[in-house]
S.K.: 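Take this structure, written in structure tokens, and hold onto it; I'll ask about it next.
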Amino acid sequence: GGSLMVPVLVMMFTAQAFPAGEVMHLALGTSMATIFFTSISSVRTHHAHGAVLWPVVARITPGIILGTLIGTHVASLVPTRMLALIFTLFICYVSVQMIINLKPQAHRDLPGIFGTGLVGAGIGFISCLVAIGGGVLSVPFMTWCNVKMQNAIGTSSAIGFPIALGGALGYIWNGWGAAGLPSGSLGFVYVPAVVGVAAVSVLTAPIGARLTHQLPVKTLKRVFAGILLALARISGETAPLLFAVGAATAYNTSFFSEANTALSVQIFGNATSSFPAAQERAWGAALTLMLLTFLFTVAARVVTARLAK
């Protein structure tokens with residue numbers, strides 16, 4: 001979902017010299033529009049397994065739509081850097097929650113129409129600020145209300161449809177007429193990216209939906225949490241200095257003499273340069289660091305899982 005797409009879209013849009021003040025808004029809006037298409041494919045698979053509680057979806061949808069419209073308006077008023085910080089903190093919170101397997105204890109039933117709608121408004125509002133389908137919020141809420149985990153996951157996939165629809169329309173409306181947006185944009189939704197991502201995601205979403213009914217939930221949550229932490233580090237500009245043994249400010253080709261080149265230093269130095277070629281090198285280095293962080297995180301999760309057996 002958006003937790004994976006937003007950091008990648010931010011890097012792609014920045015590399016294409018999109019307006020710096022609107023990069024995060026474009027990434028959020030584009031992500032919401034993409035989730036609209038992937039949610040349809042995911043819902044069909046969960047529905048085939050009988051995991052979607054449609055009465056719950058019907059009760060929560062009005063609140064979801066209201067929350068998304070308010071959320072997108074608020075997001076359009078928040079500066080890009082602040083949006084990036086909000087996104088990073090939220091993803092870090094979700095990642096830690098998944099890793100420690102924190103989940104609410106079921107001890108009550110679902111609230112009535114008003115209560116469910118109020119919860120839906122909150123889920124819709126937060127989901128639009130961080131461009132997610134709402135599963136990380138709606139699943140804990142439903143399990144807290146004695147809904148079985150499989151039904152909670154299936155129902156959350158259906159809830160993701162109104163979240164994505166309201167979010168996409170909200171970002172289109174609030175970004176309409178914004179100055180400097182790239183060609184191919186509908187407000188804060190960059191259509192070429194939506195087409196490209198949705199074309200692939202629609203094919204892979206059913207695979208992920210089927211896996212949720214086949215693989216242990218605990219394993220899925222921990223792997224996904226590791227991926228989220230890697231992306232949060234990158235998007236929040238807090239990636240660890242994996243190779244910062246020295247403090248070289250120039251590229252050093254020697255492995256045996258002089259200071260070792262710090263990849264993070266290279267990224268910063270090139271990114272702040274006024275030369276386009278240097279900025280491209282910065283993004284290449286950033287993608288390299290992201291890949292390394294991702295691989296190390298996945299490796300750590302695999303080793304930990306094996307040692308725990």
Side-chain angles (χ1 to χ4, degrees), residues 1-3 5-6 22 24-40 42-43 46-47 52-80 82-83 85-87 89-91 93-94 104 108-145 147 151-178 185-189 194:
S3 56
M5 281 189 287
V6 169
E22 308 295 357
M24 194 66 187
H25 299 91
L26 283 166
L28 294 174
T30 303
S31 177
M32 295 302 290
T34 303
I35 295 173
F36 171 78
F37 293 99
T38 58
S39 66
I40 297 175
S42 179
V43 169
H46 283 295
H47 177 70
V52 180
L53 302 177
W54 290 108
V56 177
V57 177
R59 278 194 291 174
I60 204 171
T61 294
I64 289 286
I65 296 296
L66 177 62
T68 55
L69 295 179
I70 297 175
T72 52
H73 178 69
V74 172
S76 68
L77 302 176
V78 178
T80 283
M82 182 59 67
L83 279 177
L85 178 60
I86 293 172
F87 176 85
L89 292 176
F90 180 81
I91 296 302
Y93 161 73
V94 172
R108 60 156 298 157
D109 294 326
L110 285 166
I113 294 178
F114 178 78
T116 304
L118 190 62
V119 171
I123 292 175
F125 179 84
I126 297 174
S127 296
C128 281
L129 287 179
V130 291
I132 60 173
V136 296
L137 301 173
S138 58
V139 170
F141 166 68
M142 284 184 281
T143 54
W144 180 55
C145 296
V147 176
N151 291 121
I153 294 175
T155 305
S156 73
S157 70
I159 292 173
F161 181 80
I163 290 176
L165 176 62
L169 292 176
Y171 276 112
I172 291 174
W173 174 265
N174 289 286
W176 198 268
S185 297
L186 285 177
F188 289 134
V189 174
V194 174

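As a basis for the values below, the full set of heavy atoms in this structure was taken, side chains included, without hydrogen atoms, waters or symmetry mates.
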S.K.: Under the rule for ring-ring contact (aromatic ring centres under 6.0 Å, His included), what residues qualify as partners of H47, not counting sequence neighbours?
M.R.: W54
S.K.: Quick one: closest heavy-atom pair of A178 and F188, and the distance?
M.R.: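 For A178 versus F188, the nearest heavy atoms are CB-CE2, 4.2 Å.
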S.K.: With the side chain counted from C-beta on, respond yes when L110 and R59 share a heavy-atom pair under 4.5 Å apart, and no when they do not.
M.R.: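 Touching, per the 4.5 Å side-chain cut-off.
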S.K.: First locate atom OG of S157, then atom CD1 of I40, and finally report the distance between them rounded to the nearest 0.5 Å.
M.R.: 12.0 Å
S.K.: Can you name the closest pair of heavy atoms from T155 and V57 and give their distance?
M.R.: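 Smallest interatomic distance, heavy atoms only, reads CG2-CG2, 3.7 Å.
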S.K.: T116 side chain to I113 main-chain N or O, any donor-acceptor pair under 3.5 Å?
M.R.: no
S.K.: Test of understanding: with ring-ring contact (aromatic ring centres under 6.0 Å, His included), list the residues that count as partners of F125, not counting sequence neighbours.
M.R.: none
S.K.: Closest heavy-atom contact between I65 and P162?
M.R.: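 Between these two residues, the closest heavy atoms are CD1-O, 3.6 Å.
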S.K.: Between G167 and T68, what is the shortest heavy-atom contact and its length?
M.R.: N-CB, 3.8 Å
S.K.: Judged by atom type as modelled, is there a donor-acceptor pair below 3.5 Å linking the side chain of T30 to the main-chain atoms of A27?
M.R.: no
S.K.: What heavy-atom pair brings T143 and A152 nearest, and what distance separates the two atoms?
M.R.: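 Scanning both residues completely, I find the closest heavy atoms to be CG2-CB, 4.0 Å.
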S.K.: Which one of T34, I35, L28 satisfies the side chain to side chain contact (heavy atoms under 4.5 Å, CB included) criterion with S31?
M.R.: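 Of T34, I35, L28, side chain to side chain contact (heavy atoms under 4.5 Å, CB included) with S31 is met by I35 alone.
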S.K.: How close do G29 and V189 get, heavy atom to heavy atom, and via which atoms?
M.R.: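 Closest heavy-atom pair between G29 and V189: O-CG2, 3.5 Å.
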S.K.: Tell me which donor-acceptor pairs under 3.5 Å the side chains of residues 127-142 have, and how far apart each pair is, sequence neighbours excluded?
M.R.:
| from | atom 1 | to | atom 2 | distance (Å) |
| --- | --- | --- | --- | --- |
| S127 | OG | I123 | O | 2.6 |
| S138 | OG | G134 | O | 2.9 |

S.K.: Between H73 and G170, is there a donor-acceptor pair closer than 3.5 Å when you use the side chain of the first and the backbone of the second?
M.R.: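 Checking the backbone N and O of G170 against the side chain of H73, no donor-acceptor pair under 3.5 Å is found.
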S.K.: With a 4.5 Å heavy-atom cut-off, do V194 and F36 have their side chains touching?
M.R.: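 Counting from C-beta outward, V194 and F36 never come under 4.5 Å.
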S.K.: Do I159 and I64 have side-chain heavy atoms sitting under 4.5 Å apart?
M.R.: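 When only atoms from C-beta onward are counted, I64 and I159 do touch, with a gap below 4.5 Å.
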S.K.: Could you tell me if the side chain of E22 sits less than 4.5 Å from the side chain of T80, heavy atoms only?
M.R.: no
S.K.: Under the 3.5 angstrom rule, does the side chain of H25 hit a backbone N or O of G187 as a donor-acceptor pair?
M.R.: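 Pair absent, no side-chain N/O of H25 close to backbone of G187.
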